[in-house]
Amino acid sequence: MKKVTVHITLKQGVLDPQGKAVQTSLHSLGFDEVSDTRIGKYIEFYTEERADLKERVHKMCDQLLANPVMEDYHFEIEEAVNS
Amino acid sequence: MKFAVIVFPGSNCDHDMYHAVKDVLKMEADLVWFEDCHLENYDAILLPGGFSYGDYLRSGAIAAASNCLQQIRTHAAEGKPILGVCNGFQILLEAGLLPGVMLPNQHLAFMCHQEKLSVANHTSMFTNQYEKNEIVQFPIAHGEGNYFCDGVTLNQLKQNNQIAFTYQNNPNGSAADIAGILNKQGNVLGMMPHPERAVEALLGSDDGLKVFQSLIMNGRLSYVANV
């Protein structure tokens with residue numbers, strides 16, 4: 001088994017209201033050093049090992065998990081432990 | 001003319017849509033559960049508003065990946081009229097039947113009020129009962145209605161006369177004040193404001209009637225043409 005973790009973020013230049021709100025809140029707590037706060041999604045799943053796994057995960061991301069018009073993604077594939 | 005109103009888990013404007021076509025416009029209509037999606041015998045397909053799958057992942061994304069949307073894609077390619085309102089619009093975008101995406105409203109708040117719109121395209125099968133640049137009033141109710149697309153797509157929308165409705169007072173930050181767009185063939189319309197909630201004066205406006213009347217008129221004309 002393999003464990004896949006996908007990280008999805010809004011593309012640079014796309015308004016990220018959650019990130020903006022969180023940054024404002026951090027500033028109000030006195031953490032003025034913070035900038036460019038972005039919030040994204042983290043998706044993890046387990047999958048059978050297969051030769052074309054990387055290609056399949058790209059397809060999953062393009063067809064459902066991310067919307068390539070407004071989001072970027074990257075993923076890691078690692079050996080599953082105790083799945 | 002027979003209408004299918006597709007119901008997804010989380011649809012909450014399905015009965016409003018059904019009421020508009022069935023009770024107000026006196027047309028045949030069925031509420032169709034997305035898993036029992038057989039659309040061959042319907043003349044038009046309506047995707048209502050709501051929060052399909054709780055807006056999980058992204059608004060409309062999971063509904064767009066359903067088997068029902070695969071069927072709708074086929075019917076759309078054959079020229080059948082498809083109308084998506086609010087979440088229905090979001091589903092059409094996620095399904096790639098219309099270009100672009102929805103972002104959260106610019107000022108972040110969920111908005112629920114009446115908005116004035118301008119009919120930007122008065123010649124489509126959804127809008128030909130309106131006058132050129134007619135001002136209408138429809139309610140909006142959405143948190144993610146900020147239409148976004150790249151510059152190339154926006155130019156194509158303008159050049160092909162695919163912008164159906166624009167906001168008079170853009171409430172959510174949409175590109176080019178866009179409230180509703182058509183596909184290139186003109187048989188798929190997605191719009192954030194709710195024409196089905198503006199079909200009786202009692203509701204504050206009956207300006208939405210003409211969307212359905214345009215469709216019905218178009219249906220009748222094509223029926224006559226086919227005979």
Side-chain angles (χ1 to χ4, degrees), chain A residues 3-29 31 34-48 50 52-77, chain B residues 8 52-70 73 87 89-111 142-154 156-157 170-175 178 181 183 190:
Chain A
K3 182 184 176 188
V4 179
T5 54
V6 185
H7 301 261
I8 300 163
T9 48
L10 285 167
K11 282 185 196 278
Q12 284 299 329
V14 174
L15 177 73
D16 178 0
Q18 288 186 76
K20 214 170 157 184
V22 167
Q23 179 167 312
T24 306
S25 185
L26 284 171
H27 287 177
S28 75
L29 289 171
F31 299 107
V34 174
S35 63
D36 297 318
T37 311
R38 312 277 292 169
I39 290 187
K41 291 183 193 126
Y42 168 89
I43 299 169
E44 65 171 41
F45 56 89
Y46 293 88
T47 176
E48 289 166 25
R50 46 189 295 165
D52 59 350
L53 182 56
K54 205 170 162 184
E55 195 186 318
R56 300 269 293 177
V57 177
H58 270 297
K59 279 187 181 164
M60 292 177 204
C61 290
D62 289 332
Q63 289 177 22
L64 180 67
L65 302 180
N67 184 329
V69 178
M70 61 177 167
E71 292 172 329
D72 289 324
Y73 66 83
H74 68 270
F75 57 82
E76 290 117 39
I77 298 173
Chain B
F8 289 100
S52 58
Y53 293 90
D55 275 357
Y56 292 169
L57 197 60
R58 296 177 309 279
S59 316
I62 297 180
S66 67
N67 175 48
C68 186
L69 257 289
Q70 290 297 338
R73 199 171 273 121
N87 187 239
F89 186 10
Q90 293 164 337
I91 293 170
L92 290 173
L93 293 171
E94 282 288 344
L97 282 163
L98 292 170
V101 288
M102 280 300 167
L103 300 176
N105 294 341
Q106 198 168 41
H107 298 296
L108 311 183
F110 182 91
M111 295 176 177
H142 59 247
E144 293 185 26
N146 179 356
Y147 179 78
F148 171 83
C149 64
D150 62 39
V152 175
T153 307
L154 188 57
Q156 284 171 351
L157 290 175
N170 191 346
N172 48 34
S174 290
I178 284 172
I181 54 169
N183 66 341

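Hydrogens, waters and symmetry mates play no part in the numbers below; they use all other heavy atoms, side chains included. Every chain is numbered from 1 and lettered A, B, ... according to where its sequence line falls, protein lines coming before strand lines.
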* **Contact origin within A:Ile8 toward chain B - heavy atom pairs under 4.5 Å** => neither

* **Minimal non-hydrogen separation, B:Ala65 against A:Leu64, with atom names** => CB-CD1, 3.9 Å

* Structure fact -> Of B:Leu93, B:Leu108, B:Ile62, the largest count of non-hydrogen pairs under 4.5 angstrom with chain A goes to B:Leu108

Listing needed: what donor-acceptor pairs below 3.5 Å join chain B with chain A?
unit_1, atom_1, unit_2, atom_2, d
B:Leu57, O, A:Lys41, NZ, 2.6
B:Arg58, NH1, A:Leu64, O, 3.0
B:Arg58, NH1, A:Leu65, O, 2.9
B:Arg58, NH2, A:Leu64, O, 2.9
B:Glu94, OE2, A:Asn67, ND2, 3.1

* Considering only heavy atoms, which portion of B:Leu57 lies under 4.5 Å from any heavy atom of chain A: side chain, backbone, both, or neither? -> both

* Structure fact -> In terms of heavy-atom pairs under 4.5 Å with chain B, the winner among A:Val69, A:Leu65, A:Leu10, A:Val14 is A:Leu65

